[in-house]
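Right, one structure below, let's go through it.
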There are 2 protein chains.
Amino acid sequence: MDFLTLIRMENHPRAGRTFEAHVHCQSCSIRKLCFPFSLGDDEIVRLDNIIKRNRPLQRHEHLFRAGDRMQHVYALRSGSLKCYLLNADGSEQITGFYLPGELIGLDGFGTGTYPTCAAALETTLVCAVSLTQLEELAGTIPHLRKHLLRALSREIHDEQEHFTHNRETAEQRLAAFLLNLSARYARRGLSATDFILPMSRGEIGNYLSLTTETISRLFTRYRQQGLLNIDGREIHLLNPAALCHLGVA
Amino acid sequence: MDFLTLIRMENHPRAGRTFEAHVHCQSCSIRKLCFPFSLGDDEIVRLDNIIKRNRPLQRHEHLFRAGDRMQHVYALRSGSLKCYLLNADGSEQITGFYLPGELIGLDGFGTGTYPTCAAALETTLVCAVSLTQLEELAGTIPHLRKHLLRALSREIHDEQEHFTHNRETAEQRLAAFLLNLSARYARRGLSATDFILPMSRGEIGNYLSLTTETISRLFTRYRQQGLLNIDGREIHLLNPAALCHLGVA
DNA sequence: GACCCGTTTTGATTCATATCAAGCACCCCG
DNA sequence: CGGGGTGCTTGATATGAATCAAAACGGGTC
């Protein structure tokens, strides 16, 4: 039995059995992240009723692939995953990394099929929300309707920001990326300065339109400048302010 | 009186007076582009009732600015405009160009304020849809609800595609840009091979993360290769297939 | 017609990052 | 314990587009 499997079983002792039994939106610790608005008791139950909890995905396993019919929107419960487009030549272009509480698959509304593939970066749990039921529910719960529009809209803005960074130098882009991750971990109550990168240097590079080599060199340079310590995927930000300054300068 | 003003008056003889009087969604030639789904007579009237038609915007005039409270979503009726983010240093990053039938301002749902500025590239007419009324209407017209999600979702996908192009060469990116414009004009019943670029070389460059000089050099190169003719902003695609091939290769 | 200002074109040079090429570290596995 | 795979690091070189610079063009104004 390999290390990952061990970890998985430790975190999720009921792996292999269904997860329905003991977790409900009513008591979910990250509900405020997925659906951050007040719902009546009745409404929460209706939301909970249409949510399926899938067995855990393992590293490299796919949640869906580009072109699959969109039947669910997913909320990430634990772990992390990446979404990527497939280029004509078969290479992948990572469009985003997702952390707990974030919604995945919203970009499928446009055509009714997912435009991207979604793959787990580590052992990952998601909640699946049936599309047809979600759309119905959106008709009767104005808050939910508004939230969906917001989530989509925010994703557009994120893409725009991400795009804008492309005109900056490699140094600035990586700094902005690290700070973005840091802020997202902090929102989840985790350390803003110490965290584990769930993705490889190559994946970061792919996402930022840089090469593995450039990412690696930049980490070395940051380390030499005393901005951070990094050992493998374990990162410790020593001077977030300076990193931030890089991003702006 | 300058040329632009003349043009405006010629196209829009009622400029200065209200436009409400004579145009309705019921009879609008591009309604299928803004809201491309079947509505009952009653529903069309309800949609039409919440739409305001503004006086024309002139070149460089703004529809809204980044940070403005989002009170309307806009449908472009004629002309064209650009949306851009303001960077910390005050420079602009163009996030998109809009043609008739396209919806503008959807990315404001996220925060309730527009993240971008929107400025007319030429004399331009828009229909303004009140946000609160649109949200109400979305509650009762499922098609409309679905369409909004679709429009947003599609915009995400467009951003992703646009982003992906960033890893390609300048030559490929400009080719993809021209073909994209061409396809959009064609959808509007206009020529796919002959059209006027509503934006400057600098604006194209800004949008594609390239410099004015590079855009200019590329146009010269395309011309030398017999791919197109271009005179000022008047463009004539001679070999779209080869241009397309560039984009893929 | 003379001048001006913004846009476009063209050329020479520079620079950031990709590419090519090794070597290293770690982990799994036999 | 040794072999092989994968991901990471480091170095040398190449290159595509930016930058700097200047000239050409067009339209608008006086």
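Fair warning: this is a prediction, and the values are worked out from it, not measured in the lab.
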In whole angstroms, the gap separating P of C/dT19 from CD of A/Glu213 amounts to 8 Å

Figure out the NE2/C1' separation between B/His165 and D/dG16, and round it to whole Å. 18 Å

For A/Glu155, enumerate each residue passing the side-chain contact (heavy atoms from CB on, under 4.5 Å) test, keeping only those at least two apart in sequence or located in another chain. A/Tyr98, A/Leu106, B/Ile156

Roughly how many Å is it from CD1 in A/Ile215 to P in D/dC8, rounded to a whole number? 11 Å

Kindly assign one of parallel, tilted or perpendicular to the pair B/His72 and B/Tyr74, based on the angle between their ring planes and the thresholds 30° and 60°. tilted

Quick one: list whatever passes side-chain contact (heavy atoms from CB on, under 4.5 Å) with A/Asp158, sequence neighbours left out. none

Could you tell me whether the phosphate oxygens of C/dT9, OP1 or OP2, come under 4.0 Å of any side-chain nitrogen or oxygen in B/Ser216? yes

Distance, rounded to the nearest Å, where A/Asp231 contributes CG and D/dG7 contributes P: 17 Å

Distance, rounded to the nearest Å, where A/Glu234 contributes CD and D/dC8 contributes P: 14 Å

Measure the acute angle between the ring planes of A/Tyr207 and B/Phe163, then classify it against the limits of 30° and 60° as parallel, tilted or perpendicular. tilted

Between C1' of D/dT10 and CD of A/Gln224, the distance in whole Å: 11 Å

Write down the protein N/O and nucleotide N/O pairs, taken from nucleotides 4-7 of chain C, whose separation is under 3.5 Å; answer none if there are no such pairs.
none

To the nearest 0.5 Å, tell me how far A/Arg77 CZ sits from A/Thr124 OG1. 11.5 Å

Provide the full list of salt bridge (Lys or Arg N to Asp or Glu O under 4.0 Å) pairs with a residue in residues 215-235 of chain B, sequence neighbours left out, each pair given once. B/Glu171-B/Arg221

Whole-Å gap separating C1' (C/dA18) and CG (A/Leu208): 15 Å

Interface polar pairs with nucleotides 12-17 of chain C, N/O, under 3.5 angstrom:
| from | atom 1 | to | atom 2 | distance (Å) |
| --- | --- | --- | --- | --- |
| C/dT17 | OP1 | A/Ala170 | N | 2.6 |

side-chain contact (heavy atoms from CB on, under 4.5 Å) involving B/Arg184 - partner list, sequence neighbours excluded: B/Leu99, B/Glu102, B/Asn180, B/Leu181, B/Arg188

Which of parallel (below 30°), tilted (30 to 60°) and perpendicular (above 60°) describes A/Phe64 and A/Tyr114? parallel

When you measure from the side chain of B/Asn229 to the backbone of B/His236, do you find a donor-acceptor pair of N or O atoms at a distance under 3.5 Å? no

Quickly work out the B/Leu174 CG to C/dT9 P distance and round it to whole Å. 11 Å

